[in-house]
Amino acid sequence: MSASSAFNDEKGGSSSVGEPEYGHDPASGGIFSSDYKRHDDLKEMLDSNKDSLKLEAMKRIVAMIARGKNASDLFPAVVKNVACKNIEVKKLVYVYLVRYAEEQQDLALLSISTFQRGLKDPNQLIRASALRVLSSIRVTIIVPIMMLAIKEAASDMSPYVRKTAAHAIPKLYSLDPEQKDQLIEVIEKLLADKTTLVAGSVVMAFEEVCPERIDLIHKNYRKLCNLLIDVEEWGQVVIINMLTRYARTQFLNPNINESLLEEGGSGDKTFYGSDEDEDEDEEEKEKKAEVAAMAKRKPYVMDPDHRLLLRNTKPLLQSRNAAVVMAVAQLYFHLAPKAEVGVIAKALVRLLRSHSEVQYVVLQNVATMSIKRRGMFEPYLKSFYIRSTDPTQIKVLKLEVLTNLANETNISTILREFQTYIKSMDKDFVAATIQAIGRCATNISEVRDTCLNGLVQLLSNRDELVVAESVVVIKKLLQMQPEKHSDIIKHMAKLTDNIQVPMARASILWLIGEYCEHVPKIAPDVLRKMAKSFTNEEDIVKLQIINLAAKLYLTNSKQTKLLTQYVLNLAKYDQNYDIRDRARFIRQLIVPTEKSGALSKYAKKLFLALKPAPVLESPFKDRDHFQLGSLSHLLNAKAGGYQELPDWPEAAPDPSVRNVEVPEWTKCSSREKRKEKKVEKPFYTDSEGESGPTESADSESDSATGSESSSGSEESGSGSESEESKEASESEEEEEEEEEEEKKKKKKDLKKPVQERVFLQTIAPSSTLKSYELLHRITGEGLSVEYCFSRQPFSPDANMVAVQMQFTNNASSDTKNLHIEDVKLQSGMRVKEFPEIELLPAGETATAVMGIDFCDSTQAANFQLCTHTRKFFVSIQPPVGELMRPVFLTENEFKKEQGQLMGMNEITEKLTLDVKCRNEHTIVQRVTTAANLSRVPCGSDKEFAGRTVTSGSLVLVTVATKEEGAAQLTVNCEKMVIGTMLVKDILQALTQ
Amino acid sequence: MNQSQGFFKDIQISCLVVGWLLSNTASIILSFRVWGGQSMTDSAPSWFFYSAEMIHSLFLINHLGDIFLEKHWKSVISRSVCDYFFEAREKAVDPENVPPVLQTPHHYLISIYRGKLFFLSVIQTEVPPLFVIEFLHRVADTFQDYFGECSESVITDNLVIVYELLEEMLDNGFPLATESNVLKEMIRPPNILRSVVNTLTGGSNVGETLPQGQLSNIPWRRAGVKYANNEAYFDVTEEIDAIVDKSGTTVSAEIQGVIEACVKLSGMPDLTMSFMNPRLLDDVSFHPCVRFRRWESERVLSFIPPDGNFTLMTYHISSQNLVAIPVYVKQSINFFEAGSCGRLDITIGPKQTMGKTVEDLKVTIHMPKAVLNANLTATQGNYTYDCTTKMLVWDIGKLNPQKLPNLRGSLSMQTGVPNPEENPSLNIDLKIQQLAISGLKVSRLDMYGEKYKPFKGVKYVTKAGKFQVRT
């Protein structure tokens, strides 16, 4: 016998215990004490040392939870089992814990240590599950523990644990939003993760915690695009939605030029008065006016990254998951050039065969799309035909789509379809069809009469709802051309005897009143009948009766004066204040008395003014300002947490922010080679998934405009400059004293450059020259530029620092006319450009030297490096050590100068030398590498001397070594800023 | 318990007051949220502080409107939130007409209707509705896969497994493991033998080993699959969706095709399926296992299959193509004003059957309300008329081209009620074995990566989908 049944027998065979009745409602027993008792034996079972009993108990408890019953009083008994060996018991305890921990925070803390132990488990799955449960327990006190666990898990070896860490981020965030900054750090780290497992989850966390931090995406953009196809379905949806928003902020509108063309073509559209299109055009016109100038200036070229996104999402239209297909569809709708949007139609139509809920959502979105892009769905018109077995809500949506798709060519088939729909048994649907016919009639003038006749026939329908709806629609149609249709108005006047639907009655009365001149004989009679039934009418009908009376009084007062008085008197005592108000207002206006003001003269104008015909609009018009596929779009109201879809930027931000160093490319420049590489890529990753830069050959991205905006940020360093100038003025006095001396020295320096250079070269071999990157080959689209401070005097101008640049053309085509443009400098700085390099053939390298006068500051020199096709924004910022050139001083001279640069001008720093840097030679080498100085020969300490390039201020450096690597660094310089920075640099050079 | 909650409430209020008095800082309001704990979910502004994503709670509701299961992935949301749904349910009359997305003051409700059950999820913030709908259907699919059906009785019988499944499928409201192969490794589906063994030994239905599937590059296939007989079966099923009008002309016709697979192969087989005429397939959707690039370039399906049953691909042949309609219907249904009766005469004959026999032929007509009864004679098969649902079902069976089935007779109508204006439309069901009506044919199935020789089989069948004849 099983242990559990034996136990039950012991318990005196209480049947409810013997049979684990999960479905049994304990409340139905009606007696609380029995309920209580039941929990008692659950407790006993949990306390037993048999796993089977524990399992049985846990199963029953979980069943209680599932039923929504309260099992919180069992918390102490359950939480004890958190460390149970049996996996199933453990799992069920977790379920319980997550459910009740929030209510029993203190007791829940007892379980934390188990999870903390689990976090250290060698098995990745146990680590992950521990983190999962730990982060699901909503207890505030453990926030620091959670934070720590997440941070650790984020750098776990196992991608599965890292994925769990990503999942835990939003949980912690919702528990304590103050952790946001720390969590963003973790997100940033996980975004850089290269596994597909993590990608979806971390983007989800990103969307949850910091959707505004779009800058975190830049570096990961291409990776996300390329990984997308291998990410699990749910992650794909999240990533695609996020990338849609991203692309809207980073790329240019691909339809700028096309919308211009359309504007020209809209002239011939107007004849069927498609309201939607016109409005859209008008809105766009304003935008176009701004954009037009820009667009005309340069043709639109799609950013290769934009193209990458479109290309890599397209295969996902074939996903089995409707949410993924919809996500791609909305991405294309919002981001793709008009000509390419069409591809989504087929996939969306396919979704119409899915579950009715899916149909419902898809049709809503199709309805919105079909207004903007009608042509897209036209070929699939028949797929929107309605079956009698469709649920009404689907029918109505299909009808909406059909109406949106109607144009001159297909209207006859659509109307034929509508005819069968009108016969449907589903009256709500019939009413919607009548509305749809009305809309077709207003939009397409050719069929207006046909539609009107059809609707008039419906007036004799037996179903009142159908008639009422027809009346309302006919009213709207008649307003467009009332003269032609007085017979229809007469016909409708007769209907007042039969139709009871208030809206329809009100519509008829309004029509008669409005066009009473067309039916002069009938109108007073209708008023007479209405006056009779006035008290029994609905409010909207009453209001229209008053209106009718007023209008007739104004046009035909002889016949209707008394009737009007009667109606107004009835209205005066009506229960509804609206009606009383209306009556009072109208009486004052139309019945002339001595007191009546100037207004009554204009009464006729007021009441019988020509009214514009109503516009029958689709309820889906303009819904596309919500991101398609979103909940907000569906509800046509902003849902909580909805992220607005940004407008396209006018000028694209710098595209180079997305550039990343990809080591694989270093050696393969041709596409063939790269394809071989792809074999190693993870599983199914799109073999075409070349990253953006490779496209640069076919299309130029417009970084010229982009980099303009980025340049602004680089000017922020001006604060430090002013500081520097202050200090400079402080030392002015001393400077004056030395001025003459210096002048002499300068001359001397100039006379002896050769000597110095020889000297320099012996100490600082040229191999130690450090080169810096000016332009990366990815950013430069094949052109890479490196520069180094050659430490040679710049012959055209001695006050300039020589910068040697090395250009390498990695692209497959030649680069021409390399030169510098648009130099942006701090005041006082000067640049001597290098002569233009006319041709740099593919694969070749060239060098050039330019001179920059940095004014003894480390401000960057910004300029544009131009080729015949492109401009690159670059900047050169010198390390402080390059702002000086070596001078030859004897030890005595050195001591003397040093003596004059004491106090404020002396900076001393104690340091421990790097182990490798204890001998004299290395110290000298390191110092001279860090700064362009020369060693004072024969000195007892290691002494170095130099002068700043621009002002020629002396720079003296002393390194005094003591025992065991201890040392003291002294820098004497009248320019304190330079001195401070130099100390820092040399310190770094010596200690590392 | 309740006392302590009340205490917390006090704190929360005082905190709030102090918060406003001091500096209106966010931190104090946050502490208010935290202490509020569960009770907060009921009070009005609390959700504003919650940044909940995706699915918050799930309620399963039967056709009577009873909530028989609830699962919360975050703080508990009172089941009273379902009242909004019940209201909408009542308004809609037909369960199919309940709007899938409802807005309530503090939540959004997204629901699906499957197997006479409502799966109702509670959402607090923006989320793509299809995401939730698709997920809920996946949950229902999983139940079906585990228990053979998705009904209230089966769910309540397996409540614990259901709960464990829900726990694994969603983490904090975001889908975690939805692949059936992965789930089955973690939670074993019940079978009779095991449940007997479990009761005897106290064993469990939770996998002893931890699943590795989620860790691999091929999350849909479990590791270490072994079969004595290696076999792979594929069912190509095509459904014809058509609207035929009164005169017999086709208004629209589409084919919805699906290839269902049952693959029981050991190890890690890599399969390639090629077609005789792949050009037919211009709109397809695949199981994630199918390598899309291979399809794009070579028009072959290359994939490492999941273990067991799965849908390999679906395809759609749209109304722009010519679609063969296997049967024609001659019908006349008339209602007469005098004598309050009607006549019905339906004959069905073969049209484009490609030489195959049409089986399981069935005609369903939803009659207007006024039709009280039907007095008909069928030359073949039986008919039934349900007076309450007004459904006339004529079960014909096999279609014999020599002797066409006919159903004729009179309909008795309610007196004193005007004649129905509309004529009911006919819904046709049929089946044709050994034929894919689009002409699709699998030419080869090759296996790489394993040494054994599997047994392979492909079956074709054509059915009527939404096949409607207007009258």
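First the proteins, then the strands, lettered A, B, ... as listed; each starts at 1.
Of the atoms belonging to A:Gln359, it is side-chain heavy atoms, and not backbone ones, that fall under 4.5 Å from chain B. Residue contact with chain B, scored on non-hydrogen atoms closer than 4.5 Å, involves the backbone and the side chain of A:Ser630 alike. When heavy atoms are compared at a cutoff of 4.5 Å, B:Leu69 approaches chain A by way of both its backbone and its side chain. Residue A:Ile61 does not touch chain B at all, counting heavy-atom pairs closer than 4.5 Å. With a 4.5 Å cut-off on non-hydrogen atoms, A:Asn241 touches chain B through its side chain but not through its backbone. In this structure, the portions of A:Val358 lying under 4.5 Å from any heavy atom of chain B include both its backbone and its side chain. Both the backbone and the side chain of B:Phe135 come within contact range of chain A, with heavy atoms under 4.5 Å apart. Interface residue A:Val238: only side-chain heavy atoms are found under 4.5 Å from chain B. Looking at A:Gln330, there are no atoms closer than 4.5 Å to chain B (heavy atoms on both sides), in backbone or side chain. Looking at B:Tyr163, the atoms closer than 4.5 Å to chain A (heavy atoms on both sides) all sit in the side chain, from C-beta outward. With a 4.5 angstrom heavy-atom cutoff, A:Ser319 touches chain B only via backbone atoms. Contact annotation for B:Ala242: only backbone heavy atoms (N, CA, C, O) come within less than 4.5 Å of a heavy atom of chain A. Proximity to chain B is limited to the side chain of A:Tyr360, based on heavy atoms less than 4.5 angstrom apart. Contacts of B:Phe59 with chain A are absent, with no heavy-atom separation under 4.5 Å from either backbone or side chain. For A:Val139, no part sits under 4.5 Å from any heavy atom of chain B, backbone or side chain.
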Go through A:Leu635 and B:Tyr108 one step at a time and tell me if the side chain to side chain contact (heavy atoms under 4.5 Å, CB included) criterion holds.
-> CA-CA 10 Å; A:Leu635 299 166; B:Tyr108 306 97; 3.5 Å; yes
Decide yes or no on side chain to side chain contact (heavy atoms under 4.5 Å, CB included) for B:Glu96 and A:Ile394, but give the supporting numbers first.
-> CA-CA 10 Å; B:Glu96 283 196 326; A:Ile394 300 292; over 6 Å; no
Apply side chain to side chain contact (heavy atoms under 4.5 Å, CB included) to A:Arg60 and B:Val160, showing your working.
-> CA-CA 8 Å; A:Arg60 279 165 54 188; B:Val160 173; over 6 Å; no
Run the numbers on B:Glu134 and A:His355 for side chain to side chain contact (heavy atoms under 4.5 Å, CB included), then give the verdict.
-> CA-CA 9 Å; B:Glu134 183 77 27; A:His355 303 285; over 6 Å; no
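Here OG of A:Ser388 is found 9.0 Å from CD1 of B:Ile243. Values are rounded to the nearest 0.5 Å. Remark: A:Thr420 OG1 to B:Asp245 CG distance equals 8.5 Å, nearest 0.5 Å. A distance of 14.0 Å separates NZ in A:Lys382 from CG in B:Asp241, rounded to the nearest 0.5 Å. To the nearest 0.5 Å, atoms CZ (B:Phe174) and CD (A:Glu207) are separated by 10.5 Å. Put simply, OG on A:Ser383 and NE2 on B:His316 are 5.5 Å apart, with the number rounded to the nearest 0.5 Å. Separating the NZ atom in B:Lys74 from the OG atom in A:Ser174 is a distance of 6.5 Å, to the nearest 0.5 Å.
Shown here is A:Lys314, whose NZ atom has no more than 12 heavy atoms of other residues, nucleotides or ligands within 6.0 Å.
Using a 4.5 Å cut-off on side-chain heavy atoms (C-beta onward), B:Thr311 and A:Arg320 make no contact. Using a 4.5 Å heavy-atom threshold, the side chains of A:His167 and B:Asn172 count as separate. Put simply, the side chain of B:Gln468 reaches to within 4.5 Å of the side chain of A:Thr389, judged on heavy atoms. Contact of the A:Glu357 side chain with the B:Leu130 side chain is not registered, since no non-hydrogen atoms from C-beta on lie closer than 4.5 Å. B:Glu164 is listed as a side-chain neighbour of A:Leu92, based on a closest heavy-atom distance under 4.5 Å. Within the 4.5 Å cutoff, the side chain of B:Lys390 has no heavy atoms near those of the A:Met425 side chain. Side-chain contact between A:Val98 and B:Trp73: absent, with no pair of heavy atoms (C-beta onward) separated by less than 4.5 Å. Looking at B:Val251 and A:Glu417, their side chains come closer than 4.5 Å, going by heavy atoms from C-beta outward.
Between chain A and the options B:Pro129, B:Pro424, B:Pro99, heavy-atom pairs under 4.5 Å are most frequent for B:Pro129. For the set A:Gln364, A:Glu233, A:Met326, the count of heavy-atom pairs under 4.5 angstrom toward chain B peaks at A:Glu233. Among B:Lys246, B:Arg294, B:Arg114, the residue making the largest number of heavy-atom pairs under 4.5 Å with chain A is B:Arg114. The candidate with the highest count of non-hydrogen atom pairs below 4.5 Å against chain B, out of A:Thr413, A:Asn321, A:Val237, is A:Asn321. Counting heavy-atom pairs closer than 4.5 Å to chain B, the top residue among A:Val361, A:Leu317, A:Leu351 is A:Val361. Of the listed residues B:Glu167, B:Gln256, B:Gln103, B:Lys369, the one with more heavy-atom pairs under 4.5 angstrom with chain A than any other is B:Gln256. If you tally non-hydrogen atom pairs under 4.5 Å between each of B:Ile123, B:Ile133, B:Val284, B:Ile67 and chain A, the highest count goes to B:Val284. Per-residue counts of heavy-atom pairs under 4.5 Å with chain A were compared for B:Arg138, B:Met313, B:Glu179, B:His366; the largest is that of B:Arg138. Among the candidates B:Ala92, B:Pro175, B:Pro128, B:Ser111, the residue making the largest number of heavy-atom pairs closer than 4.5 Å to chain A is B:Pro175.
Between A:Lys638 and B:Glu126 there is no salt bridge, since no side-chain N of the basic residue sits under 4.0 Å from a carboxylate O of the acidic one. A salt bridge does not link B:Glu70 to A:Arg99: none of the charged nitrogens lies less than 4.0 Å from a carboxylate oxygen.
Closest approach of A:Gly68 and B:Arg79 over heavy atoms only: CA-NH2, 3.8 Å. Of all the heavy atoms in A:Leu631 and B:Thr125, the pair that sits closest is CD2-O, 4.0 Å. Between A:Arg353 and B:Gly465, the shortest heavy-atom distance links the atoms NH1-CA, 4.5 Å. Heavy-atom minimum distance, B:Arg293 versus A:Pro315: NH2-CG, 3.6 Å.
Every residue two or more places apart in sequence or in another chain that forms a side-chain hydrogen bond (donor to acceptor under 3.5 Å, both in side chains) with B:Thr178 is listed here: A:Trp234. When the side-chain hydrogen bond (donor to acceptor under 3.5 Å, both in side chains) test is applied to A:Asp426, the partners found at least two apart in sequence or on another chain are A:Thr392, A:Lys395.
Remark: the backbone N or O of B:Asp283 is not paired with any side-chain donor or acceptor of A:Arg350 at under 3.5 angstrom. Here the side chain of B:Asn97 pairs a donor or acceptor atom with the backbone of A:Gln393 at under 3.5 angstrom.
In this structure, a donor-acceptor pair under 3.5 Å is absent between the side chains of B:Ser285 and A:Gln318.
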